[in-house]
Amino acid sequence: MNYQKLKGTVDLLPEETRKWQFIEDKARDLMRAYQFNEIRTPMFEQLELFARGVGETSDIVTKEMYDFRDKGDRHIALRPEGTAGVVRAYVENKLYGPEFHKPTKLFYMGPMFRYERPQSGRQRQFHQIGVEVFGSRNPSVDVETMVLGMDLFKQFGITDLKLVINSLGSTETRQTYREELIAYLEPHLNELSKDSQVRLYKNPLRVLDSKDKKDKEIVKDAPSILDYLDEASKAHFEAVKGMLEELDIPYIIDTNMVRGLDYYNDTIFEVITTNPKFGANATVCAGGRYDGLVEEVGGPSTPAFGFGCGLERLVLLLEHMDFDYPELNPLDAYIVTMGDRADRAANKLAQVLRQNGLSVEREFMNRKAGKQFKTADKLNADYVFTLGDQEIDNGIVQVKRLSTGIQTEVSLTELALRFDETYSSLIRSTEKGEE
RNA sequence: GCGAUUGUGGCGAAGUGGUUAACGCACCGGGUUGUGGUCCCGGCAUUCGUGGGUUCGAUCCCCAUCAGUCGCCCCA
């Protein structure tokens with residue numbers, strides 16, 4: 001029997017993990033700059049939490065949840081997104097208490113799970129980095145968070161992005177608008193695509209961003225949700241737009257943009273890549289305001305704003321632009337060995353060098369010296385330490401700096417006893433001399 | 001859940017209903033018996049995702065299945 005990984009999962013091999021580590025490090029730095037602190041919540045929760053948070057009608061619940069019964073017959077689901085778990089933790093740990101700074105700004109990073117067909121930028125286990133801000137209705141929160149979402153990409157030099165915003169208004173607004181939209185679309189029922197005919201009653205807002213050509217034509221003259229906003233929502237949206245302009249952040253209003261999750265109100269946004277190499281899944285970051293969810297999950301009425309970014313899509317984006325990742329694990333020294341005595345002596349030498357902060361690899365395969373040098377060269381080692389019977393008899397090691405080709409002898413005991421002096425003089429003596 | 005397409009050594013990639021499955025890269029060994037990006041020589045698939053079927057004979061044709069890729073639904 002040959003085992004293979006489950007559909008929609010990947011093995012990230014060292015060549016890939018070095019990219020991921022770099023991205024994660026940069027992302028954490030950025031979060032610090034914005035004063036967001038990390039929260040880690042479980043990767044599985046009661047199914048009910050997600051069902052409630054995400055919205056019963058959503059396909060995420062009906063067909064994309066990775067759920068199972070545990071030995072205690074609890075109905076469990078692997079988290080399909082990050083917000084519900086963070087909100088649960090916020091409520092359960094009473095982070096809304098008076099001793100916590102307001103607003104509370106949290107970020108998370110980790111795997112999410114959805115049972116769906118894999119395709120470009122989409123897997124069953126995928127990774128998101130996301131943020132949640134609790135406790136403020138200030139439109140500045142919306143703006144700061146959206147700007148952070150943009151910055152997440154900009155810090156890697158990604159420029160082909162657009163920020164798309166919309167407002168969903170209040171629950172009442174969406175209810176009224178929903179009815180108006182159905183009223184508008186119903187006369188066209190037979191002209192709509194099959195998918196959209198199903199959507200019409202289940203989730204009419206989804207008809208608005210249909211990919212079908214004919215649907216788009218019909219939808220063009222549909223009423224805009226922005227015309228149904230109440231005074232408060234209107235003022236909020238105007239404030240958000242004004243603040244973005246003051247920051248010189250270009251944005252596009254797309255009144256047809258909707259949300260897959262039910263808990264959003266007022267501002268919603270997406271960061272979309274315009275990179276031509278990107279396929280169907282060009283949204284790299286999406287989020288918005290969800291003022292009702294904390295209360296829905298059992299906490300005090302608390303306004304909130306957040307987003308989630310797909311890390312696979314970020315990696316893909318960087319791949320498309322041939323991003324040059326820095327070497328995360330450079331090799332300081334490679335130890336060449338010749339013979340059994342050298343093999344043993346290399347253990348000791350490697351430890352001395354490592355204890356003094358160097359990154360060291362050594363020969364294990366007992367190949368010929370020439371082959372070992374070739375390997376050291378391929379691994380881009382700064383120095384090659386060569387040990388053979390002659391060296392061991394004399395208590396020394398040959399050290400060659402590959403970039404200059406200059407080789408010198410160093411005493412093994414000096415290296416062990418006075419590493420700093422010995423090593424810096426070694427560096428000096430292998431530098432390219434003045435001709 | 002639906003559709004399209006692909007599946008040959010570690011990787012990339014030819015190939016044909018018939019007997020020895022090209023080639024390139026990587027790797028290993030040697031030429032150079034202790035010193036690195038060159039060159040030369042040699043090695044490296046009883047086997048063509050898996051299971052059936054058609055056939056005298058299948059990597060090639062058919063069916064099923066698994067997996068990859070891309071798209072739809074949905075969504076980051």
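Small disclaimer: the values here were computed from a predicted structure and weren't measured. Each chain gets a letter, A, B and so on, in the order its sequence line appears, and its residues count up from 1.
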Colleague: Strictly by modelled atom types, are A/E132 and A/Y90 linked by a side-chain donor-acceptor pair under 3.5 Å?
Modeller: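 Distance-only check fails for A/E132 and A/Y90.
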
Colleague: I want to check a possible cation-pi pair here: A/R52 against A/F50, using under 6.0 Å from ring centre and within 45° of the ring axis as the test.
Modeller: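 Verdict for A/F50: no cation-pi partner in A/R52.
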
Colleague: Take A/G405 and A/M365, find for each the nucleotide of RNA chain B with the closest heavy atom, and name the residue whose nucleotide sits nearer the 5' end.
Modeller: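 Per heavy-atom nearest nucleotide, the more 5' residue is A/M365.
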
Colleague: Can A/S233 and A/D266 be counted as having a side-chain donor-acceptor contact under 3.5 angstrom?
Modeller: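 The criterion, which ignores hydrogens and geometry beyond distance, is satisfied for A/D266 and A/S233.
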
Colleague: Assign A/C309 to base, sugar-phosphate, or nothing according to its heavy-atom contacts below 4.0 angstrom with the strands shown.
Modeller: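 The answer is nothing, as A/C309 stays clear of every strand by at least 4.0 Å.
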
Colleague: Looking only at N and O atoms, is any donor in the side chain of A/E391 or the base of B/G34 less than 3.5 Å from an acceptor on the other one?
Modeller: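 Donor-acceptor pair under 3.5 Å: yes.
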
Colleague: Is the distance between the ring centroids of A/F107 and A/F36 less than 6.0 Å?
Modeller: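 When the ring centroids of A/F107 and A/F36 are compared, they turn out to be at least 6.0 Å apart.
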
Colleague: Determine the interatomic distance between P on B/U33 and the same-named atom on B/A45; round to the nearest Å.
Modeller: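 B/U33 and B/A45 have their P atoms separated by 29 Å.
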
Colleague: For A/R117, answer base if it contacts any base atom (sugar-phosphate contacts may also be present), sugar-phosphate if it contacts only those atoms, and nothing otherwise; contact means non-hydrogen atoms under 4.0 Å.
Modeller: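 Here A/R117 touches the bases of the nucleic acid.
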
Colleague: Contact class for A/G121 (heavy atom, under 4.0 Å): base, sugar-phosphate, or nothing?
Modeller: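 If one applies the 4.0 Å heavy-atom cut-off, A/G121 turns out to touch a base.
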
Colleague: By the 4.0 Å heavy-atom rule, please label A/E312 as base, sugar-phosphate, or nothing.
Modeller: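 Answer is nothing: A/E312 stays at 4.0 Å or more from every strand.
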
Colleague: Paired with B/A76: which nucleotide, if any, by Watson-Crick or G-U wobble criteria at under 3.5 Å for both distances?
Modeller: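 Check on B/A76: unpaired, no WC or wobble geometry under 3.5 Å.
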
Colleague: Assess whether one donor atom and one acceptor atom, taken from the side chain of A/R367 and the base of B/C27, lie less than 3.5 Å apart.
Modeller: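 Under the 3.5 Å cut-off, the side chain and the base do not form any donor-acceptor pair.
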
Colleague: In whole Å, I'd like the distance from the CZ atom of A/R79 to the C1' atom of B/C75.
Modeller: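 Going from A/R79 (CZ) to B/C75 (C1'), I get 17 Å.
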
Colleague: Please determine if a side-chain N or O atom of A/Q119 lies less than 4.0 Å away from the OP1 or OP2 oxygen of B/G71.
Modeller: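 Answer yes for this pair, as a side-chain N or O of A/Q119 is under 4.0 Å from OP1 or OP2.
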
Colleague: What is the base-pairing partner of B/A64, counting Watson-Crick and G-U wobble geometry with both distances under 3.5 Å?
Modeller: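 When the pairing criteria are applied, B/U50 turns out to be the nucleotide that pairs with B/A64.
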
Colleague: Over how many whole Å does the gap from A/D212 atom CG to B/G71 atom P extend?
Modeller: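 After rounding, the reported distance stands at 18 Å.
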
Colleague: Please give, in whole Å, the distance from B/G34 C1' to A/I335 CD1?
Modeller: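 From A/I335 CD1 to B/G34 C1': 16 Å.
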
Colleague: Before accepting this row, confirm whether a basic side-chain N of the pair A/E38/A/R28 lies closer than 4.0 Å to the acidic partner's carboxylate O.
Modeller: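 Counted as a salt bridge, because a side-chain N and a carboxylate O are separated by less than 4.0 Å.
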
Colleague: Would you classify A/K368 as touching base, sugar-phosphate or nothing, given that sugar-phosphate means primed atoms plus P, OP1 and OP2, and contacts are heavy atoms under 4.0 Å?
Modeller: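 Sugar-phosphate, backbone atoms only, no base.
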
Colleague: Whole-Å distance between B/G34 C1' and A/N366 CG?
Modeller: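 About 14 Å, once rounded to whole Å.
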
Colleague: Write down the partner of B/U38 under the Watson-Crick or G-U wobble criteria, each distance required to be under 3.5 Å.
Modeller: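 Checking every strand shown, B/U38 finds no partner, since no pair has both distances under 3.5 Å.
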
Colleague: Find the partner of B/U32: check Watson-Crick (N1-N3 plus N6-O4 or O6-N4) and G-U wobble (N1-O2, O6-N3) distances, both under 3.5 Å, and reply none if neither fits.
Modeller: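 In the structure as shown, B/U32 has no Watson-Crick or wobble partner.
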
Colleague: Tell me the partner of B/C44, counting only Watson-Crick (N1-N3 plus N6-O4 or O6-N4) or G-U wobble (N1-O2 and O6-N3) with both under 3.5 Å; none if nothing fits.
Modeller: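 The answer is none; no pair meets the criterion.
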
Colleague: Under a 3.5 Å limit for both distances, which nucleotide forms a Watson-Crick or G-U wobble pair with B/U69, could you say?
Modeller: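 WC or wobble partner is B/A4.
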
Colleague: Categorize A/G8 for me: base, sugar-phosphate, or nothing, with a 4.0 angstrom heavy-atom threshold over every strand shown.
Modeller: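 Sugar-phosphate contact only.
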
Colleague: With sugar-phosphate meaning primed atoms plus P, OP1 and OP2, does A/G130 contact a base, only sugar-phosphate, or nothing at under 4.0 Å between heavy atoms?
Modeller: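 The residue A/G130 makes no contact with any strand.
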
Colleague: Check this for me: does the side-chain of A/R114 come within 3.5 Å of the base of B/C75 through a donor and an acceptor?
Modeller: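 No, the side chain and the base share no sub-3.5 Å donor-acceptor pair.
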
Colleague: Taking the same atom, C1', in B/G49 and in B/G68, what whole-Å distance lies between them?
Modeller: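 Taking atom C1' in both B/G49 and B/G68, they lie 11 Å apart.
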
Colleague: Give a yes or no on whether a donor-acceptor pair under 3.5 Å exists between the nucleobase atoms of B/A76, that is its base, and the side chain of A/E116.
Modeller: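 Donor-acceptor pair under 3.5 Å: yes.
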
Colleague: Quickly work out the A/R124 CZ to B/A76 C1' distance and round it to whole Å.
Modeller: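 Distance check: A/R124 CZ to B/A76 C1' gives 17 Å.
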
Colleague: With heavy atoms under 4.0 Å as the rule, sort A/T283 into base, sugar-phosphate or nothing.
Modeller: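 Since only primed, P, OP1 and OP2 atoms lie under 4.0 Å of A/T283, the category is sugar-phosphate.
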
Colleague: For A/A286, report the nucleic acid contact type (base, sugar-phosphate, nothing); a contact means any heavy atom under 4.0 Å.
Modeller: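 Here A/A286 touches the backbone only, sparing every base.
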
Colleague: Distance alone, cut at 3.5 Å: any donor-acceptor contact between the side chains of A/Q407 and A/Y383?
Modeller: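 Result is no, nothing qualifies.
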
Colleague: Looking across every strand, which nucleic acid part, if any, lies under 4.0 Å from A/F307 by heavy atom: base, sugar-phosphate, or nothing?
Modeller: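 Here A/F307 touches no strand at all.
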
Colleague: With the side chain of A/K211 defined as its heavy atoms from C-beta on, choose the nearest nucleotide among B/A76, B/C74, B/G34.
Modeller: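 The closest nucleotide is B/C74.
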
Colleague: How many whole angstroms separate atom CG of A/L316 from atom P of B/C70?
Modeller: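 Atom CG in A/L316 sits about 8 Å away from atom P in B/C70.
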
Colleague: Would you say the side chain of A/K371 and the base of B/G36 hold a donor-acceptor pair, judged only by whether the two atoms sit under 3.5 Å apart?
Modeller: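 Side chain to base: no pair below 3.5 Å.
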
Colleague: Side chain of A/R313, heavy atoms from C-beta onward: which of B/G34, B/G37, B/A76 has the nearest atom to it?
Modeller: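 In terms of side-chain proximity for A/R313, the closest of B/G34, B/G37, B/A76 is B/A76.
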
Colleague: Report yes if the distance between the aromatic ring centroids of A/Y325 and A/F323 is under 6.0 Å, otherwise no.
Modeller: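 Yes, they do, as the ring centres are separated by less than 6.0 Å.
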
Colleague: When the nearest nucleotide of RNA chain B is assigned to A/G388 and to A/R206 on a heavy-atom basis, which residue is associated with the more 5' position?
Modeller: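 This one resolves to A/G388.
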
Colleague: Just checking, A/R124 and A/Y115: is the charged tip under 6.0 Å from the six-membered ring centre and within 45° of the axis?
Modeller: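 Judged by the rule, A/R124 and A/Y115 form a cation-pi pair.
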
Colleague: What is the distance, rounded to the nearest whole Å, between atom OH of A/Y115 and atom P of B/A76?
Modeller: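 Value for this atom pair: 20 Å.
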
Colleague: What is the separation between atom NZ on A/K400 and atom P on B/G34, rounded to the nearest whole Å?
Modeller: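 For the pair A/K400 NZ and B/G34 P, the rounded distance is 15 Å.
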
Colleague: Look at all strands and tell whether A/Q407 reaches a base, only sugar-phosphate, or nothing, counting heavy atoms closer than 4.0 Å.
Modeller: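 A/Q407: base contact, heavy atoms under 4.0 Å.
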
Colleague: With no angle test and no hydrogens, is the base of B/G34 tied to the side chain of A/Q390 by a donor-acceptor pair under 3.5 Å?
Modeller: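 Looking at the base of B/G34, it does pair with a donor or acceptor on the side chain of A/Q390 (distance under 3.5 Å).
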
Colleague: Could you tell me whether the side chains of A/T9 and A/Q125 share a donor-acceptor contact shorter than 3.5 Å?
Modeller: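 Note: A/T9 and A/Q125 side chains miss the donor-acceptor criterion.
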
Colleague: Of the listed nucleotides (B/G36, B/A76, B/G68), which one gets closest to any side-chain atom of A/K7?
Modeller: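 Minimum distance to the A/K7 side chain belongs to B/G68.
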
Colleague: Which base sits across from B/C11 as a Watson-Crick or G-U pair, both distances under 3.5 Å?
Modeller: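 Across all strands, the one nucleotide that pairs with B/C11 is B/G24.
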
Colleague: Considering only the P atoms, how many Å lie between B/C2 and B/C73, rounded to the nearest integer?
Modeller: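 Comparing P positions in B/C2 and B/C73 gives a spacing of 16 Å.
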
Colleague: Of all the choices, B/G36, B/A76, B/G34, which nucleotide is nearest to the side chain of A/A369 once you look at every atom?
Modeller: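 The listed nucleotide nearest to A/A369's side chain is B/G34.
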
Colleague: Between B/G9 and B/A21, how far apart are the C1' atoms? Round to whole Å, please.
Modeller: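 One C1' to the other, the span is 11 Å.
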
